[in-house]
Novice: 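This structure is in structure tokens; I'll ask about it shortly.
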Amino acid sequence: RSPFTHGRVARTLSAVVQSTKAKSVTLFVPAMLNLDSAKAFLTTFWLDLTPDNRFRSAEYKKKMPPLSKVVIVAETPDHVPVLNRAVTESRWAASGTRYAQELTNSPPNYCTPALMAESARAMAEELGLKVKILDVPEIEARGMGGLMSVGKGSVNKPRLIHITYTPAEGSIKKRIA
């Protein structure tokens, strides 16, 4: 098995871009990379290019100038549609992953249940999803004693977030969660 995985190459490239403080980068993507491989590579590349600096000093942030331009070159014209789709889907995947990482990697004094609930509400509304946030009275009324017991261990009151996706067309065939 090759030690050169898509993730390892993408992380190494991101590290080089950051350490050299490059303003732009050109990526040559060989035609042998199928859609899934290109998405995996690009998702890792985007994620590693955007570290979570929310709790870093302003001085540290100045040391990390943002990359302003990424050019992706396909080996063959036939590979351009594959790469266009890989770029679009990997940007979405990286954005969603970054969002989740920022919430889960936040210190608990910052990412309280209330902040988590409001972040979920904003994200759901932006994406056109239904969201219902249950607070303490509703949690108690529904008999969710386990959640209330865990919540008593914190000064921050618990919340339960319920997000629903309803397809625009067709009917729901299966509930998954």
Side-chain angles (χ1 to χ4, degrees), residues 1-131 161 163-168 176-177:
R1 184 173 170 184
S2 172
F4 300 105
T5 64
H6 303 321
R8 184 172 288 165
V9 172
R11 282 188 290 279
T12 300
L13 178 60
S14 295
V16 169
V17 167
Q18 290 175 5
S19 68
T20 60
K21 299 182 180 172
K23 300 255 190 255
S24 67
V25 65
T26 300
L27 303 175
F28 173 79
V29 181
M32 66 181 236
L33 277 186
N34 63 22
L35 176 63
D36 289 338
S37 297
K39 283 189 334 190
F41 170 80
L42 290 170
T43 299
T44 303
F45 179 69
W46 303 134
L47 281 170
D48 280 12
L49 277 180
T50 55
D52 186 357
N53 290 326
R54 291 171 302 145
F55 304 105
R56 301 271 190 165
S57 68
E59 185 177 308
Y60 179 86
K61 291 176 188 177
K62 286 180 189 175
K63 293 179 187 177
M64 302 294 289
L67 182 66
S68 60
K69 183 178 177 182
V70 176
V71 176
I72 300 175
V73 179
E75 182 176 9
T76 66
D78 294 346
H79 203 225
V80 170
V82 171
L83 288 182
N84 283 338
R85 184 171 168 194
V87 167
T88 300
E89 292 181 15
S90 66
R91 296 296 297 240
W92 277 102
S95 176
T97 302
R98 170 62 61 216
Y99 179 77
Q101 286 176 338
E102 286 180 357
L103 287 175
T104 58
N105 291 340
S106 297
N109 64 329
Y110 175 80
C111 190
T112 62
L115 178 89
M116 180 79 89
E118 286 311 308
S119 295
R121 182 185 309 282
M123 182 265 314
E125 288 174 356
E126 180 181 331
L127 297 173
L129 305 172
K130 290 182 191 172
V131 64
I161 304 164
I163 298 175
T164 305
Y165 166 74
T166 305
I176 58 171

Novice: Just verifying a value: how many Å separate Leu33 CG and Glu75 CD, rounded to the nearest 0.5 Å?
Specialist: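 Interatomic distance, Leu33 CG to Glu75 CD, rounded to 0.5 Å: 9.5 Å.
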Novice: Among residues at least two apart in sequence or on other chains, which ones pass salt bridge (Lys or Arg N to Asp or Glu O under 4.0 Å) with Arg121?
Specialist: Glu118
Novice: Tell me every residue that passes ring pair (Phe, Tyr, Trp, His ring centres under 6.0 Å) with Phe55, counting only those two or more places apart in sequence or in another chain.
Specialist: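 Scan of Phe55 (ring pair (Phe, Tyr, Trp, His ring centres under 6.0 Å), adjacent residues dropped) gives Tyr110.
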Novice: Quick check: closest heavy atoms across Gln18 and Leu49, and the distance to 0.1 Å?
Specialist: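 Nearest heavy atoms, Gln18 then Leu49: NE2-CA, 3.4 Å.
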Novice: What closest approach, in Å, do Ile163 and Met123 show between heavy atoms, and which atom pair accounts for it?
Specialist: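 Closest approach of Ile163 to Met123, heavy atoms only: CD1-CE, 3.8 Å.
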Novice: Give the C-alpha distance, both sets of side-chain angles, the deciding distance and a yes or no for side chain to side chain contact (heavy atoms under 4.5 Å, CB included) between Arg54 and Ser106.
Specialist: CA-CA 9 Å; Arg54 291 171 302 145; Ser106 297; 3.0 Å; yes
Novice: About how many Å separate OG of Ser37 and CE of Met32, when rounded to the nearest 0.5 Å?
Specialist: 8.0 Å
Novice: Could you state the interatomic distance from CZ (Phe45) to CG (Leu67), rounded to the nearest 0.5 Å?
Specialist: 6.0 Å
Novice: At what distance, to the nearest 0.5 angstrom, does CG of Leu83 lie from CG of Asp78?
Specialist: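 Reported to 0.5 Å precision, the distance equals 11.5 Å.
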Novice: Passes side chain to side chain contact (heavy atoms under 4.5 Å, CB included), Leu27 versus Leu42? Steps please.
Specialist: CA-CA 10 Å; Leu27 303 175; Leu42 290 170; 4.1 Å; yes
Novice: How long is the straight-line distance from CG of Leu13 back to CG of Asp48, given to the nearest 0.5 Å?
Specialist: 9.5 Å
Novice: Grab the two heavy atoms, one from Val80 and one from Ala74, that are nearest each other, plus how far apart they are.
Specialist: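 Minimum heavy-atom separation between Val80 and Ala74: CG2-CB, 3.8 Å.
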Novice: Treating Ser68 as the side-chain partner and Lys23 as the backbone partner, does any N or O pair qualify as donor plus acceptor under 3.5 Å?
Specialist: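 Yes: the side chain of Ser68 pairs with the backbone of Lys23.
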Novice: Working note: Trp46 + Val70, criterion side chain to side chain contact (heavy atoms under 4.5 Å, CB included); need CA distance, chi angles, decisive distance, verdict.
Specialist: CA-CA 10 Å; Trp46 303 134; Val70 176; 4.0 Å; yes
Novice: Between atom CG of Asp52 and atom CD of Gln101, what is the distance when rounded to the nearest 0.5 Å?
Specialist: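 Rounded to the nearest 0.5 Å, the CG-CD separation comes out at 8.0 Å.
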Novice: Using the test salt bridge (Lys or Arg N to Asp or Glu O under 4.0 Å), find all partners of Arg85 that sit at least two apart in sequence or belong to another chain.
Specialist: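 With neighbours one apart ignored, the set is Glu89.
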Novice: Please report the closest heavy-atom contact between Val82 and Asn34, naming both atoms and the distance.
Specialist: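 That would be CG1-C, 4.3 Å.
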Novice: Closer than 3.5 angstrom, by distance alone: can the side chain of Thr43 be matched with the main-chain N or O of Ala94 as a donor-acceptor pair?
Specialist: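 No.
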Novice: Restricting to non-hydrogen atoms, name the atom on Leu35 and the atom on Ala86 that form the minimum distance, rounded to 0.1 Å.
Specialist: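 In terms of heavy atoms, the two residues are closest at CD1-N, 3.7 Å.
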Novice: Grab the two heavy atoms, one from His6 and one from Phe41, that are nearest each other, plus how far apart they are.
Specialist: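 Smallest interatomic distance, heavy atoms only, reads O-CD1, 3.6 Å.
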Novice: Counting N and O atoms only, with roles assigned by atom type, does the side chain of Thr44 sit under 3.5 Å from a partner on the main chain of Ala40, one being a donor and the other an acceptor?
Specialist: yes
